[in-house]
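I have placed the structure first, in the form of structure tokens, so that the comments after it can refer back to it.
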There are 2 protein chains.
Amino acid sequence: MELDILLTLQTAGRDFINPKRIRLLEQIREQGSISRGAKAAGVSYKFAWDAVADMNALAGRPLVSRETGGKGGGGARLTGYGERLLNIYRLLNQIEAMAVAAVQDERVSLDSLLSVVSRMGLQTSARNQLIGRVEQLNPNDISHKVSVRLENGDLIHADITERSARRLKLETGKEVLALVKAPWVQLACASEAPSEARDNRLYGTLVGIDQGAEFDEYRIALAGDEPLCALVSRIGPPATSFRIGEPLVARFAPDQVILATLE
Amino acid sequence: MELDILLTLQTAGRDFINPKRIRLLEQIREQGSISRGAKAAGVSYKFAWDAVADMNALAGRPLVSRETGGKGGGGARLTGYGERLLNIYRLLNQIEAMAVAAVQDERVSLDSLLSVVSRMGLQTSARNQLIGRVEQLNPNDISHKVSVRLENGDLIHADITERSARRLKLETGKEVLALVKAPWVQLACASEAPSEARDNRLYGTLVGIDQGAEFDEYRIALAGDEPLCALVSRIGPPATSFRIGEPLVARFAPDQVILATLE
DNA sequence: CCTGGTTATATAAAATTTTATATAGCGTTT
DNA sequence: AAACGCTATATAAAATTTTATATAACCAGG
């Protein structure tokens, strides 16, 4: 379904800005007067004049400066503040359009605002974005260790500075997004003994390989079909070859995890 | 100014969902019938019935399932799809509220959608977020080298995989956000000779020091007052002491830069 | 088979929003 | 001093939205 977004901003229960007023403001800017702007926007002069007076009053400072008399009888122009509001409105609409697109994606969890925002079009070069909740905080070490319980039940650890933990207002139960760059993810057979006890270890099965010029991309399905992506360099000694369907363990260091959270 | 956000979704020029209809849907869920829901929402029964029929028709599948007759005369309940739409609407409103808050921040550039989105409440443990435009792409190396021109004129480089560059649809002129973790930024006197030619080198002046238990936070003002933050461990050999106002150079490795972009 | 409270539907009335129209005042230009 | 084309303001008319009211149909349960 094609959805158009109409955004209205109210203050004290009265419309401050709505689509119709925005169209009017645009036409006033274009035409240089309220009367011509009203005609161009397809509304009556009274409607236009009332709208302008109302907006100016609600904002406390004018969006439209008006002059009576003079050459051409006077006229009206947008103030810098009026121009700024048009910009803001345009931006808010674009953001809402991204949000609507994100929300129509069946994969996003509607229970999680973070899930929507993280898929709202902000792509990072960090390939893996895992959503979970803070399960434990260890403020004792030099690097603050954060345990994050993913939605599929897996547990991962992130090392961040104590200062960052404070800044993100991390606390048990808070929802976080863990960013892990694909080149930092290493793969091994699931049966292999742990070599680095400190590493995160996520078990899954190989579901796809994409061969590139310099890197091979391995797509792994974790528990609950949570996707994970690893990039393995083809330069240097040839990697162990894995087969589709094979159970694997994906490893990455806690200090390479970036956490993101809302507010 | 306190702004309330009213969101309306239209399709084919007709209202699909608007605040009044949302209030109605909520009350129908609460009350178990259209007539009681209408009363609770403060609208007439005809208005409510028309709205429900209209929404069901526009969506192509029912938001509200209705039954006539039976014990209690029948009733109406939200379908799963109806519940989902309520969730979506709630989320969209929250996102828009974040956007409105971000946009009221005088610091954000209204010319840049990316600037707004990046400040829309998504905090990362990567302390430095620098906005700029791609100036050059070097697709030849193993690691794709991306040159980013910041708004203040500075130039930085990021090493990312060729695959990521494709995924982000990087091209000259595209706006990007560079994430750099504060612990990865190293400081030196501005006069000091470059030790690692590959590193990014940004010149600025020290404007503040925040002493912590394990890390000292140095705040640097780059050209155009662009802020940069470096964390220096207090463990190990004591760092050179810098003075407020002193010109410094901040260095960080290109492969530690994460790029983010929209779409 | 009757009752109750609902859905379903239609029509008229009321309320609200928007337009149409008219007129006064303004200040530069001719 | 007159003309011009606008702002500023008011009032009535028109259009649209919403409510009020009425009535038929529905169907499990007493």
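Per chain, numbering begins at 1; letters A, B, ... match sequence-line order. Predicted model only: the values in this text are computed from it and were never measured.
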*When we call it a touch if two heavy atoms are under 4.0 Å apart, what does B:Gly32 touch: a base, just sugar-phosphate, or nothing?*
nothing
*For B:Ala53, which contact category applies under a 4.0 Å heavy-atom criterion: base, sugar-phosphate, or nothing?*
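The answer is nothing, as B:Ala53 stays clear of every strand by at least 4.0 Å.
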Flag the pair [X] / [Y] as yes when at least one side-chain heavy-atom distance between them is below 4.5 Å, and no otherwise.
X: B:Asn56; Y: B:Arg66; value: yes
X: A:Leu202; Y: A:Glu226; value: no
X: B:Val148; Y: B:Val257; value: no

Side-chain N,O ([X]) to OP1/OP2 ([N]) below 4.0 Å:
X: A:Lys20; N: C:dT18; result: yes
X: A:Trp49; N: D:dA8; result: yes
X: A:Arg36; N: D:dC6; result: yes
X: A:Arg66; N: D:dC6; result: no
X: B:Tyr45; N: C:dT7; result: yes
X: A:Ser35; N: D:dG5; result: no

*nucleotides 23-30 of chain D: protein proximity per nucleotide (B base, S sugar-phosphate only, - neither; heavy atom, under 4.0 Å)*: ---BBSS-
_Comparing B:Ser44 and A:Gly74 on DNA chain D - which has the more 5′ nearest nucleotide_ =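 Between the two, 5'-proximity favours A:Gly74.
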Distance, rounded to the nearest Å, where [X] contributes [atom1] and [N] contributes [atom2]:
X: A:Phe47; N: D:dA14; atom1: CZ; atom2: C1'; value: 16 Å
X: B:Asn18; N: D:dT17; atom1: CG; atom2: P; value: 12 Å
X: A:Arg21; N: C:dT17; atom1: CZ; atom2: P; value: 11 Å
X: B:Asp50; N: D:dT16; atom1: CG; atom2: C1'; value: 14 Å
X: A:Ile34; N: D:dT9; atom1: CD1; atom2: C1'; value: 13 Å
X: B:Lys46; N: C:dA12; atom1: NZ; atom2: P; value: 13 Å
X: B:Lys39; N: D:dA20; atom1: NZ; atom2: P; value: 10 Å
X: A:Asp15; N: C:dT18; atom1: CG; atom2: C1'; value: 14 Å

*May I have the step-by-step check of side-chain hydrogen bond (donor to acceptor under 3.5 Å, both in side chains) for A:Ser112 and A:Glu175, ending in yes or no?*
CA-CA 8 Å; A:Ser112 161; A:Glu175 206 172 24; 2.7 Å; yes
*Sidechain N-carboxylate O distance under 4.0 Å for B:Arg14, B:Asp54*: yes
*asked:* Please determine whether a side-chain nitrogen of the Lys or Arg among A:Glu217 and A:Arg219 lies less than 4.0 Å from a carboxylate oxygen of the Asp or Glu.
replied: yes
_Sole candidate of A:Leu7, A:Leu6, A:Ile88 that passes side-chain contact (heavy atoms from CB on, under 4.5 Å) when paired with A:Asn93_ = A:Leu7
